[in-house]
*Asks:* 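For reference, the structure I am asking about is given below.
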Amino acid sequence: MRSKLFHVLVAALTALVVAGAVSADNGRGGDDGRERAVFVQTNELNGNRIVVFRRHGDGRLSEAGAYSTGGNGAAAAPGNVSDTLASQGSLVYDKRHDLLFAVNAGSDTIAVFRVNGTRLRLRDVLPSGGDFPASIAVHDDLVYVLNAGGTGIVQGFEIRGHSVRPLAGSARSLGLANTDPPNFLTSPGQVGFTPDGRMLIVTTKASRSTIDVFSVGRDGRLSNTAVMNPSATPVPFAFTFDPAGRLVVGEAAMSSVTTYRINGNGTLASPQSQSDGQVALCWIVEARGFFYVTNTGSNNVSGYRIDGNGRPTLIGPTGIVATTEAGPIDMATAAGGRFLYVQTGSGGTVDEFRVNDDGTLTRLGNVAGLPVGQEGIAAS
């Protein structure tokens, strides 16, 4: 009798501990006890906003508020409907400083928010240093903004506490010849730092089909010119990095993922490509060691593995791991890669997925009612 009672008590205590753990992660998801959030940029012409969603422990989202960016979104880049800004990284969360950076492409400014759980406070609205800001990169105390219009200007900023200030003498031109707004095929796609922060990378899409690499000096300023590397397949768009530090690029024309070794002099080597056979593979993120791309012309998501030699292969026979609402574009991951959130520019939704151990995705649902033309998503 005592043994039976003991086991009943142990089972009850275990259930309470598990329930408590689930409850603790129900929208909080971190050791600091703060609520975790997914941030979505509306890119509205008459006033850009950030809509904040509370992330619950099961990965589902619920709206927690909306905040003005102090500027305007922009009309769609000519030639495109679902991909208004034609870029990846237009909304970036910086965990180190608890800052959220957003582009106001219609006002040629960037907005900087202080993040406190699901609450935002606008700290700065700053000139972006060029026309049509479309992508932002952050590393330590250094920020670079990619202005996609005109010649294509990358402009540096410094983080000082919770404030951001322009870095004098940091602007560099890509030497393009774009309009404002630029055509989506010739607009540069993304700016980003290498993991060690020593190089800054920009993709130029069809204007040159190059991957431009600047070196970053100790003072945060870039080399005067970039090394222009031709992409293995045309129209390099978005990129990330694998655990070995190889560059992993989504290249749209042949709907391919290509990996490159980055040499110390800024050249790229040993490209290895794999197409998913879909239409307009553009955006790419890493989650739990898998790489996911959105195919905006096919309304689906493909999954990849990358082996130790940098060779990409599809997950499953086709690579397709999920279907989405119309016009999937930018993505964000959360909870150590357990959840994947896909923004749809034409559908006005954020589609919610759980990342499984084998790289497949389980659909959780979606949040709807966001503006068509939204672009930019990030997660804390």
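What you are looking at is a predicted structure, and each value in this text was computed from that prediction instead of being measured.
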*Asks:* Report yes or no: do Ile377 and Leu281 belong to one cluster of Ile/Leu/Val/Met/Phe/Trp/Tyr joined by side chain heavy-atom distances under 4.5 Å?
*Replies:* no
*Asks:* Under 3.5 Å, side chain of Ser223 to main-chain N/O of Phe214, donor-acceptor pair present?
*Replies:* no
*Asks:* Would the distance check show the side chain of Glu352 and the main-chain N or O of Leu61 forming a donor-acceptor pair, the cut-off being under 3.5 Å?
*Replies:* yes
*Asks:* Does any non-hydrogen side-chain atom of Val367 lie less than 4.5 Å from one of Glu63?
*Replies:* no
*Asks:* With rounding to the nearest 0.5 angstrom, report the CG to CD1 distance, Asn147 to Ile110.
*Replies:* 9.0 Å
*Asks:* Report yes or no: does Asp307 contribute a side-chain atom to a donor-acceptor pair with the main-chain N or O of Asn309 at less than 3.5 Å?
*Replies:* yes
*Asks:* Under 3.5 Å, side chain of Arg246 to main-chain N/O of Thr259, donor-acceptor pair present?
*Replies:* yes
*Asks:* Looking at CZ of Arg288 and CD of Glu286, how far apart are the two atoms once the value is rounded to the nearest 0.5 Å?
*Replies:* 10.5 Å
*Asks:* Whether the side chain of Thr204 engages the backbone of Thr210 through a donor-acceptor N/O pair (distance < 3.5 Å, no angle test) should be reported.
*Replies:* yes
*Asks:* Do the side chains of Leu146 and Leu176 join up, straight or via other hydrophobic residues, at under 4.5 Å, putting them in one cluster?
*Replies:* yes
*Asks:* Do Val248 and Val257 make a side-chain contact, defined as non-hydrogen atoms from C-beta onward lying under 4.5 Å apart?
*Replies:* yes
*Asks:* For the residue pair Asn48 and Ser68, confirm or rule out a side-chain donor-acceptor distance under 3.5 Å.
*Replies:* no
*Asks:* Which residues end up grouped with Val115 if you chain together Ile, Leu, Val, Met, Phe, Trp and Tyr wherever their side-chain heavy atoms are less than 4.5 Å apart?
*Replies:* Phe39, Ile50, Val52, Tyr67, Leu91, Tyr93, Leu100, Phe113, Leu120, Leu122, Val125
*Asks:* Taking only Lys NZ, Arg NE, NH1 and NH2, and the carboxylate oxygens of Asp or Glu, determine whether Arg354 and Asp58 approach each other closer than 4.0 Å.
*Replies:* no
*Asks:* Just how far is it from atom CG of Asn295 to atom OG of Ser302, taken to the nearest 0.5 Å?
*Replies:* 4.0 Å
*Asks:* Between OH of Tyr260 and CD1 of Ile201, what distance do you get to the nearest 0.5 Å?
*Replies:* 11.0 Å
*Asks:* State whether the number of non-hydrogen atoms from other residues, nucleotides or ligands found under 6.0 Å of Arg160 atom CZ is greater than 12.
*Replies:* no
*Asks:* If only atom types and distance count, is the side chain of Arg172 paired as donor or acceptor with the main-chain N or O of Leu222 below 3.5 Å?
*Replies:* yes
*Asks:* Side chains of Phe291 and Ile306: closer than 4.5 Å at any heavy-atom pair?
*Replies:* yes
*Asks:* Does Arg123 CZ have over 12 foreign heavy atoms under 6.0 Å away?
*Replies:* yes
*Asks:* Do Val103 and Leu370 sit in one hydrophobic cluster, given that two such residues count as connected whenever their side-chain heavy atoms are within less than 4.5 Å of each other, even indirectly?
*Replies:* no
*Asks:* side-chain hydrogen bond (donor to acceptor under 3.5 Å, both in side chains) between His139 and Asp196: does it pass, once the steps are laid out?
*Replies:* CA-CA 9 Å; His139 182 82; Asp196 61 9; over 6 Å; no
*Asks:* Compute whether any side-chain donor of one residue and acceptor of the other, for Gln343 and Glu375, lie under 3.5 angstrom apart.
*Replies:* no
*Asks:* Could you tell me which residues satisfy salt bridge (charged side-chain N to carboxylate O under 4.0 Å, His left out) with Asp219, sequence neighbours excluded, listed by chain and number?
*Replies:* Arg221
*Asks:* Side-chain contact, heavy-atom cut-off 4.5 Å: Asn263 with Leu268?
*Replies:* no
*Asks:* For Phe184, does its backbone N or O pair with a side-chain atom of Lys205 as donor and acceptor, under 3.5 Å?
*Replies:* yes
*Asks:* Pairing donors with acceptors under 3.5 angstrom, does anything connect the side chains of Ser135 and Ser87?
*Replies:* no
*Asks:* Has Asp242 got a side-chain atom pairing as donor or acceptor with Ala244's backbone, closer than 3.5 angstrom?
*Replies:* yes
*Asks:* Could you note down all residue pairs passing side chain to side chain donor-acceptor pair (under 3.5 Å) where residues 316-329 supplies at least one of them, sequence neighbours left out?
*Replies:* Glu325-Arg363, Glu325-Asn366
*Asks:* Applying the side chain to side chain contact (heavy atoms under 4.5 Å, CB included) test to Ile284, which of Val249, Thr294, Thr240 qualifies?
*Replies:* Thr240
*Asks:* How would you list all residue pairs meeting side chain to side chain donor-acceptor pair (under 3.5 Å) that involve residues 228-237, not counting sequence neighbours?
*Replies:* Thr233-Glu251
*Asks:* Could you grab the distance from atom CG of Asn43 to atom CG of Asn104, nearest 0.5 Å is fine?
*Replies:* 9.0 Å
*Asks:* Will you find, in the side chains of Asn72 and Glu44, an N or O donor that is under 3.5 Å from an N or O acceptor?
*Replies:* no
*Asks:* So, does Thr42 use its side chain to make a donor-acceptor pair with the main chain of Arg49 at under 3.5 Å?
*Replies:* yes
*Asks:* Would you call Leu126 and Val164 a side-chain contact if the rule is heavy atoms closer than 4.5 Å?
*Replies:* yes
*Asks:* Can you list everything that forms a salt bridge (charged side-chain N to carboxylate O under 4.0 Å, His left out) with Arg261? Sequence neighbours excluded, please.
*Replies:* none
*Asks:* Quick one: does Ser107's side chain have a donor or acceptor within less than 3.5 Å of a partner on Thr109's backbone?
*Replies:* no
*Asks:* Check whether the side chains of Ser273 and Thr258 place a donor and an acceptor atom closer than 3.5 Å, and report yes or no.
*Replies:* yes
*Asks:* Going by the ring-ring contact (aromatic ring centres under 6.0 Å, His included) test, which pairs reach into residues 215-239, not counting sequence neighbours?
*Replies:* Phe237-Trp283
*Asks:* To the nearest 0.5 angstrom, please state how far the CE atom of Met331 sits from the CZ atom of Phe353.
*Replies:* 10.5 Å
*Asks:* I'd like to check Phe132 versus Leu85 (side-chain heavy atoms, cut-off strictly below 4.5 Å). Are they in contact?
*Replies:* yes
*Asks:* Taking only Lys NZ, Arg NE, NH1 and NH2, and the carboxylate oxygens of Asp or Glu, determine whether Glu35 and Arg54 approach each other closer than 4.0 Å.
*Replies:* yes
*Asks:* Going by atom types only, do Ser170 and Gln155 share a side-chain donor-acceptor pair under 3.5 Å?
*Replies:* yes
